[in-house]
Amino acid sequence: RFTYNALILALVRGGREKEARRVMEQEMLGTFPPEAFTYNAVIQGFCDKGDLTTGFKLLEDMKSKGVQTNATTHGVILKALCQKGDADKALAYVKSIDSSSEMDVVSYSTLIKLLFKARRVTQACNLFDEMVKLGCKPNAVTYATVVDGLCKAGRVDRGLKAFEQMLDSGCVPNPHCYTVMIDGLCKARKLEKAIELFEKMAKQDCSPDAVTYTTLVDGFCKAGRLGEARKLVNLMIQKGKDPTVVTYGCLIDGFCKKCRVDEALPMVKEMESRGLKPNVFVYGSLINGFRLAGRMDEACNMLTEMNSRGLRPNAFIYTTIVDGLSTVGRMAESQAYFEAMVNNGCVPDAVTYGTIINQFCKHGNMEAAWSVLNMMLKSGMKPEALVYNSLMDGFYRLGKVDRAEQVYKTMAKQGCKPT
RNA sequence: AGCCGAAGCAAGACUUUA
């Protein structure tokens, strides 16, 4: 029986869930009574592939065979629903659970994460309170989830409270817990507090890992404190925490944003010498760096280089190039890159079209801008307020107040709030 | 009873008077 379970698990992990199911249904069930462990593994296999239909079907099979679902079953199902972002279904599922197989700390944490993801912050917090009330003790993962959820919802203050609550509860924090808090503080522009926490970590016998370092490196970079960012990367090397591609990505982006792309380039060499290959993010930063410096030939060369290295440029990359070329007045080339984008099967997104609209506006080509907006709306895209702002500004500058008003009305109709 | 489920980090468009 253990052998079968081990085999099934191995198949699931290898992405061969169909075989796993066959082994379970046709070989194992003839010899051994069905058990939750096996079903959980197979259900997970299908859910990981996005096939929730089969997942739920197996769940029904399981129940009809009299196999008791357990907390892990719920965890697997909730994880799947979490990835789909289907909070309502998840809540309905939890309601349908009978009391003999309760939720545990993992399934609760999964559901809390899902609710935060669906921006249902109040519900997430209520669920957290509920689990405590029911005697299910939150662990470090639960707290990390809650702190992260609160911070990403713009409630760092409450994130900090939850973090303190974690310490008070006697829960031993791990680097994950600190990292989400540090990240939240950095993004809320409370860098000093983030540094403080980072320094406290080491003292607490919880040394920062590569992600924690990277988070703070990014914090320094976003605050324009590049010297400190660089020093921190040196420190992590010294401490034996190897920087990752993301670490270098943050550092390189920081320099690029400050128009110091020439200092960023040696860092690419440095990362390569450490065995790290620049990825699409790194190229994105570099291309943006050249764009900000008005050096579009070099930006385009970088795109060629990434192609030759087998990296596929995405909408970010193309949008940066399209924008940069337009800004320096190279309209025909800009358009050519937009066409190349489409021809290469890269789908322009709302930012791409927003960029194009903005560029038309800047160049006084308002009718073109207006028609792109309508195209966006027709295809169901939701332009951000800044796109409407750009259009209104463009019409105003040409003295076409009525057209600007028309834009404003469209904006209101789309439910887009003015900024 | 054999370790089946949960958490963290980076790139693109508006607004600048120098």
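Per chain, numbering begins at 1; letters A, B, ... match sequence-line order.
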**Message:** Is it the case that G12(B) (base atoms only) and Thr352(A) (side chain only) share a donor and an acceptor within less than 3.5 Å, ignoring hydrogens and angles?
**Reply:** yes
**Request:** Write down the distance between CZ (Arg397(A)) and C1' (U15(B)), rounded to a whole number of angstrom.
**Result:** 11 Å
**Message:** With hydrogens left out and only the distance checked, is there a donor-acceptor pair under 3.5 Å joining Thr320(A)'s side chain and the base of G12(B)?
**Reply:** no
**Item:** More than 12 heavy atoms of other groups within 6.0 Å of Glu19(A) CD
**Value:** yes
**Phosphate OP1/OP2 of G12(B): any Lys257(A) side-chain N/O under 4.0 Å** = yes
**Request:** Ignoring backbone atoms, establish whether Lys113(A) has a side-chain N or O less than 4.0 Å from OP1 or OP2 of G8(B).
**Result:** yes
**Message:** Between Lys222(A) and A11(B), is there a contact of a side-chain N or O with OP1 or OP2 at under 4.0 Å?
**Reply:** yes
**Message:** Check this for me: does the side-chain of Asn314(A) come within 3.5 Å of the base of G12(B) through a donor and an acceptor?
**Reply:** no
**Item:** Member of Leu52(A), Leu59(A), Asn40(A) meeting the side chain to side chain contact (heavy atoms under 4.5 Å, CB included) criterion with Ile77(A)
**Value:** Leu59(A)
**Prompt:** Choosing from A11(B), U15(B), C4(B), which nucleotide comes nearest the side chain of Asn40(A)?
**Reply:** C4(B)
**Asked** Counting any heavy atom closer than 4.0 Å, what does Thr179(A) reach on the DNA or RNA strands: base, sugar-phosphate only, or nothing?
**Response** base
**From A6(B), A11(B), G8(B), nucleotide with atom closest to Thr142(A) side chain** = A6(B)
**Message:** Please classify the nucleic acid contact of Arg1(A) as base, sugar-phosphate, or nothing, using heavy-atom distances under 4.0 Å.
**Reply:** base
**Message:** Under 4.0 Å, heavy atoms only, any strand: does Thr419(A) hit a base, just the sugar-phosphate, or nothing?
**Reply:** nothing
**Item:** Pair pattern of RNA chain B in dot-bracket, where unpaired bases get dots and | marks partners in another strand, Watson-Crick or G-U under 3.5 angstrom
**Value:** ..................
**Asked** When the distance from CG of Leu292(A) to P of G12(B) is rounded to whole Å, what number comes out?
**Response** 9 Å
**Item:** Polar side-chain contact Thr73(A)-G5(B) base: donor and acceptor under 3.5 Å
**Value:** no
**Request:** Please determine, for the side chain of Val211(A), which listed nucleotide (G8(B), G5(B), A10(B)) has the closest atom?
**Result:** G8(B)
**Asked** So, are Glu367(A) and Arg403(A) salt-bridged, with charged N and O less than 4.0 Å apart?
**Response** yes
**Item:** Whether Phe316(A) stacks on the six-membered ring of A11(B) base, 5.5 Å and 30° limits
**Value:** yes
**Request:** Could you tell me whether Val351(A) contacts a base, only the sugar-phosphate backbone, or nothing, with contacts defined as non-hydrogen atoms closer than 4.0 Å?
**Result:** base
**Prompt:** Between Lys152(A) and C9(B), does any side-chain N or O lie under 4.0 Å from OP1 or OP2?
**Reply:** yes
